[in-house]
Amino acid sequence: MKRRDFGKLGMLAGVGSITGVSTVHAGKDSRGFSEDGKFYQEPTNKLPVREFDVVVAGGGTAGVCAAIAAARTGAKTALIETKGYTGGTITEGGTAIHSFYNLWKAFPEVEKRQVVKGIPLELIDRMIEIGGCTGHAEMERGYDYDSVCTALDTELYKLISMRMLAEAGVFMALNTMAVGTVMDGKAIKGVIVESKSGREVFLGKSFVDSTAYGDLSAHAGAEFVVPNDYACCNSIGLGNVDMDQYHAFLKQHDAVGQLARGLRSGQGNQLVRLSGRNVNLPKEYLTEAQAIGMSGTLTTVHNNYIMFVKFNYKVPGSVLNRDDMSKAELEVRERQFRGIELFRKFLPGCSEAFIARTSPTLNIRRGRLISCDYDITHEDVIEARHFWDEVFVYGFHDSAPRLQIKDGGTYGIPYRALCVKGVENLYVSGMMLTSDHRAHMSTRNTVSSMAQGQATGTAAALCAKSDVGSRGLKYHVLREQLERDGVYFEY
Ligand SMILES: Cc1cc2nc3c(=O)[nH]c(=O)nc-3n(C[C@H](O)[C@H](O)[C@H](O)COP(=O)(O)OP(=O)(O)OC[C@H]3O[C@@H](n4cnc5c(N)ncnc54)[C@H](O)[C@@H]3O)c2cc1C
C-alpha cells in the first residue's frame with residue numbers, strides 16, 4: 001500500500017461506518033471521496049423546515065432594524081445571527097454613531113435638523129433611558145466633521161436590541177449561520193442555516209441580507225465585487241483611564257482636536273469625545289502608533305473607560321478567505337498588545353490602562369458589494385440629490401470636512417439601491433451597497449445602515465403580505481407605511 005493510500009484510509013476511518021477498504025482504491029469512492037481524495041461529496045440530508053414570511057440574515061446594525069420593522073408590519077419574521085448577541089458593528093467597531101443630524105454646525109446659515117428618526121431613534125432613546133448613551137452631544141470642537149457625538153455602551157446595546165426584537169415578536173436564531181439558499185428560479189424559497197441544532201431550512205416569501213459580507217446574496221447567485229480597498233479593524237475598550245487628565249494635557253499643548261460633552265456615568269456636561277491634533281508626543285509614540293494602525297479619537301459613556309481604540313490592518317489577501325483572516329486576527333491582537341503599552345507609557349491618565357473589551361472578530365468596512373438595481377454615486381451624495389423612490393434621507397459623510405453634503409443638507413437613498421439585481425425577492429441593507437468608495441464613505445455609516453434596515457424590513461413585510469416580489473411593491477404603499485412608522489423625509 002502506498003503512503004498516500006494509507007493516509008486516505010486514516011481519513012475515512014474517522015468518518016465512521018467503514019465496512020471495508022476495497023472501494024477506497026476503486027476510482028470514484030462510493031462514500032463520496034473524489035479519486036484524488038481532495039473532495040468529499042456530502043450525502044443528501046433531509047433538513048427540518050420552518051416557515052416564515054420574512055427571513056433576515058445578519059442581526060447587526062441593519063438587520064436588527066430590518067427584523068423589528070418586518071415583525072411590526074405584521075410579518076412572521078426570523079432573524080439569523082451567527083453570534084450570541086445582536087448589534088453587529090455598532091457594538092464592535094465604531095467610535096460614535098453617525099449621524100441623526102445634518103452637518104449644521106459647519107454651515108452658519110443652516111439650521112439644526114434631526115434627519116433620521118423611526119426605529120433607529122427609538123433604539124437610541126431606549127439606550128438613553130438606561131444610561132447607555134451619551135445623548136446627542138453637540139461637538140464643541142471638530143464640528144466640521146460631525147455636529148454631534150452619539151456614543152453607545154456596547155454591552156447595553158446588545159441587550160436593548162435583543163429586547164426590542166423580542167418585543168416585536170421576532171424569532172431570533174442566534175449562534176446560527178446562514179450557509180446556503182434554496183432557490184426557485186430567480187426567487188429565494190429558503191435559507192439553509194446551521195447551528196448546534198443542526199442544519200435547517202427557514203422558508204420565507206421575502207428576504208433581507210444584512211450580513212455585511214453579502215453571504216445570502218452570494219448564495220442566491222447575485223453579482224458582487226470584493227474591492228479589498230479598506231483596512232480591517234479590531235477595536236478595543238480600555239479600562240482604568242482618565243480622559244479628563246488626557247484632556248488637560250492636550251489643552252496645555254493647545255492640541256485639542258475634537259471635543260464633545262454629554263452624559264457620562266449618569267452625569268451631564270462631561271467629556272465624552274476627545275482627540276488630539278498636532279500633539280507634541282515623542283517620535284517613538286508616533287512611529288509605533290502608525291506602524292500598528294492605531295487611531296486615536298476617544299469616546300466614552302462611563303468614567304475611567306474609553307471605547308473603540310482602533311487597530312487597523314489592511315489584510316494581505318482577501319477578507320473572504322478564512323486562512324488570510326485567521327492570520328490577520330493574530331496580527332491585530334499583537335498590535336493591540338503593543339498599543340496598550342503605548343497608552344501606558346505615553347498618555348497622561350493612562351499609566352495603568354488595560355484592555356477591557358475586544359471585538360470577537362475583525363470587523364470589515366467593505367466586504368462583498370452586491371449589485372443592486374441602482375448604484376448610489378459620489379455625485380448623488382455630495383450634490384444632495386433626492387429621488388422619487390427614496391426610503392429615507394441622510395446627511396453625514398465620513399470624509400468631512402474634505403467631502404461634505406452640499407450646504408449641510410441631505411440626500412435620498414432610493415428604494416432601487418436596496419433591491420438585489422437578478423433576484424426577485426431579496427434586499428440588502430448595511431455596508432454591502434454602493435460600489436463607489438467615496439459614496440460608500442457616507443452610505444455605510446451606522447445610522448444610514450439602521451435606516452436602510454427599517455426600509456428593507458418594512459418593504460419585505462409588505463411584499464410578503466401582498467405576495468409580490470421586490471419590484472412588484474408599489475412605492476406609495478411603502479412610503480405611507482414608513483411615514484406611519486416615523487421615518488422622516490424632510491430635506
Ligand atoms: C472598524 C469600524 C469602525 C467604524 N466606525 C464607525 C463610526 O465611528 N461611526 C459610524 O457611524 N460608523 C462606523 N463604521 C461603519 C458602520 O459601523 C458599519 O458600516 C455598519 O455598522 C455596518 O452595518 P451592517 O449591518 O452592514 O453590518 P454589521 O453591523 O457588521 O452586521 C452584520 C451582522 O451579520 C452577522 N453575520 C455575518 N455573516 C452571517 C451569516 N452568514 N449568517 C448569519 N449572520 C451573519 C454578523 O455577525 C453581524 O452581526 C465603522 C465600521 C468599522 C468596521
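Just follow the structure's listing: the first ligand is 1, and inside any ligand the first atom is 1. No experiment lies behind these values; they were computed from the predicted model shown.
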Please set out all donor-acceptor pairs under 3.5 angstrom arising from side-chain atoms of residues 187-199, sequence neighbours excluded.
from: E194; atom 1: OE1; to: R199; atom 2: NH1; distance (Å): 2.9
from: S195; atom 1: OG; to: S197; atom 2: N; distance (Å): 3.0

Worksheet item: For atom 11 (O) of ligand 1, what's the nearest protein heavy atom and its distance?
Response: T446 OG1, 2.7 Å
Response to the item:
Counting from 1 in the order shown, the ligand 1 atoms closer than 4.0 Å to a non-hydrogen atom of S449 are 20 (C), 22 (C), 23 (O)
Worksheet item: Are Q336 and N234 close enough that a side-chain donor and a side-chain acceptor fall under 3.5 Å?
Response: yes
Please tabulate, for the side chains in residues 163-181, all donor-acceptor contacts under 3.5 angstrom to protein atoms that are two or more places apart in sequence or on a different chain.
from: E167; atom 1: OE1; to: R126; atom 2: NH1; distance (Å): 3.1
from: E167; atom 1: OE1; to: R126; atom 2: NH2; distance (Å): 3.4
from: E167; atom 1: OE2; to: R126; atom 2: NH2; distance (Å): 2.9
from: N175; atom 1: OD1; to: G84; atom 2: N; distance (Å): 3.2
from: T176; atom 1: OG1; to: L174; atom 2: O; distance (Å): 2.7
from: T181; atom 1: OG1; to: H219; atom 2: O; distance (Å): 3.0

Worksheet item: How close does the nearest protein non-hydrogen atom get to atom 25 (O) of ligand 1, and which residue and atom is it?
Response: A62 N, 2.9 Å
Discussion item. For T443 and T434, which I'm curious about, is there any donor-acceptor pair between the side chains at under 3.5 Å?
Written reply: yes
Worksheet, complete the sentence: Looking only at protein heavy atoms, what sits closest to atom 15 (C) of ligand 1 is R444 O, 3.9 Å
Practice prompt. Between T89, N175, V64, flag the one that comes closest to atom 30 (O) of ligand 1 by a heavy atom.
Written response: T89
Discussion item. Using a 4.0 Å cutoff against the non-hydrogen atoms of I80, which atoms of ligand 1 qualify?
Written reply: 43 (C), 44 (N)
Worksheet item: Should S210 be listed as contacting ligand 1, given a heavy-atom distance under 4.0 Å as the test?
Response: yes
Worksheet item: Would you say the side-chain atoms of T358 and R333 include a donor-acceptor pair closer than 3.5 Å?
Response: yes
Worksheet, complete the sentence: Of N363, L362, T61, the residue with the heavy atom nearest atom 24 (P) of ligand 1 is T61
Worksheet item: Quick one: which of K112, R261, R273 gives a salt bridge (Lys or Arg N to Asp or Glu O under 4.0 Å) with E138?
Response: K112
Discussion item. Need the ligand 1 atom indices (1-based, order shown) with element for anything under 4.0 Å from a heavy-atom of C233.
Written reply: 1 (C)
Discussion item. F396 and ring pair (Phe, Tyr, Trp, His ring centres under 6.0 Å): which single residue from Y101, W104, F100, Y145 fits?
Written reply: Y145
Item to complete: Indicate yes or no: at least one non-hydrogen side-chain atom of L298 is less than 4.5 angstrom from one of V309.
Response: yes
Worksheet item: Which heavy atom of the protein is the closest neighbour of atom 44 (N) of ligand 1, given with residue, atom name and distance?
Response: T82 N, 3.3 Å
Worksheet item: What do we get for E92 next to ligand 1 when only non-hydrogen atoms under 4.0 Å count, side chain, backbone, both or neither?
Response: neither
Item to complete: Counting heavy atoms only, name the option from A173, C149, G94 that's nearest to atom 5 (N) of ligand 1.
Response: G94
Worksheet entry | Nearest neighbour in protein (non-hydrogen) for atom 42 (N) of ligand 1 | A178 N, 2.9 Å
Item to complete: Take atom OH of Y246 as the centre, draw a 6.0 Å sphere, and report whether it contains more than 12 heavy atoms from other residues, nucleotides or ligands.
Response: yes
Discussion item. Any donor-acceptor pair under 3.5 Å linking the side-chain atoms of S210 with those of S429?
Written reply: yes
Practice prompt. Using a 4.0 Å heavy-atom threshold (strictly under), name the region of V447 that reaches ligand 1: side chain, backbone, both or neither.
Written response: neither
Worksheet item: So, does T176 sit close enough to ligand 1 that a heavy atom of it is under 4.0 Å from the ligand?
Response: yes
Item to complete: Decide whether a cation-pi geometry holds between R335 and F311; the criteria are a distance under 6.0 Å from NZ or CZ to the six-membered ring centre and an angle within 45° of the ring axis.
Response: no
Worksheet entry | For ligand 1, the portion of D215 having any non-hydrogen atom under 4.0 Å away | side chain
Practice prompt. Return yes if a side-chain donor-acceptor contact under 3.5 Å exists between T297 and T95, otherwise no.
Written response: no
Worksheet item: Which ligand 1 atoms, with their elements, are less than 4.0 angstrom from a heavy-atom of G430?
Response: 26 (O)
Worksheet entry | Numbered atoms and elements of ligand 1 in range of I364, under 4.0 angstrom, heavy atoms | 53 (C)
Worksheet item: If you measure only the distance, is there a donor-acceptor pair under 3.5 Å linking the side chains of S326 and D323?
Response: no
Item to complete: Identify the protein heavy atom lying closest to atom 37 (C) of ligand 1, giving its residue, its atom name and the separation to 0.1 Å.
Response: T211 O, 3.2 Å
Worksheet item: How far is atom 47 (O) of ligand 1 from its nearest protein heavy atom, and which residue and atom is that?
Response: E81 OE2, 2.7 Å
Worksheet item: Looking at ligand 1, does A96 have a heavy atom less than 4.0 Å from it?
Response: yes
Worksheet item: Any side-chain donor paired with an acceptor under 3.5 Å for H136 and T150?
Response: yes
Item to complete: Could you pull out, from S295, S448, G453, G60, the option with a heavy atom nearest to atom 31 (O) of ligand 1?
Response: G60
Worksheet item: Can you list the ligand 1 atoms lying under 4.0 Å from a non-hydrogen atom of K310?
Response: 3 (C), 5 (N), 8 (O)
Worksheet entry | Residues H98 and D398: side-chain donor-acceptor under 3.5 angstrom | no
Item to complete: Taking atom 27 (O) of ligand 1 as the reference point, report whether a protein heavy atom occurs under 4.0 Å from it.
Response: yes
Practice prompt. May I ask you to identify the nearest protein heavy atom to atom 8 (O) of ligand 1, giving residue, atom name and distance to one decimal place in Å?
Written response: T95 N, 2.8 Å
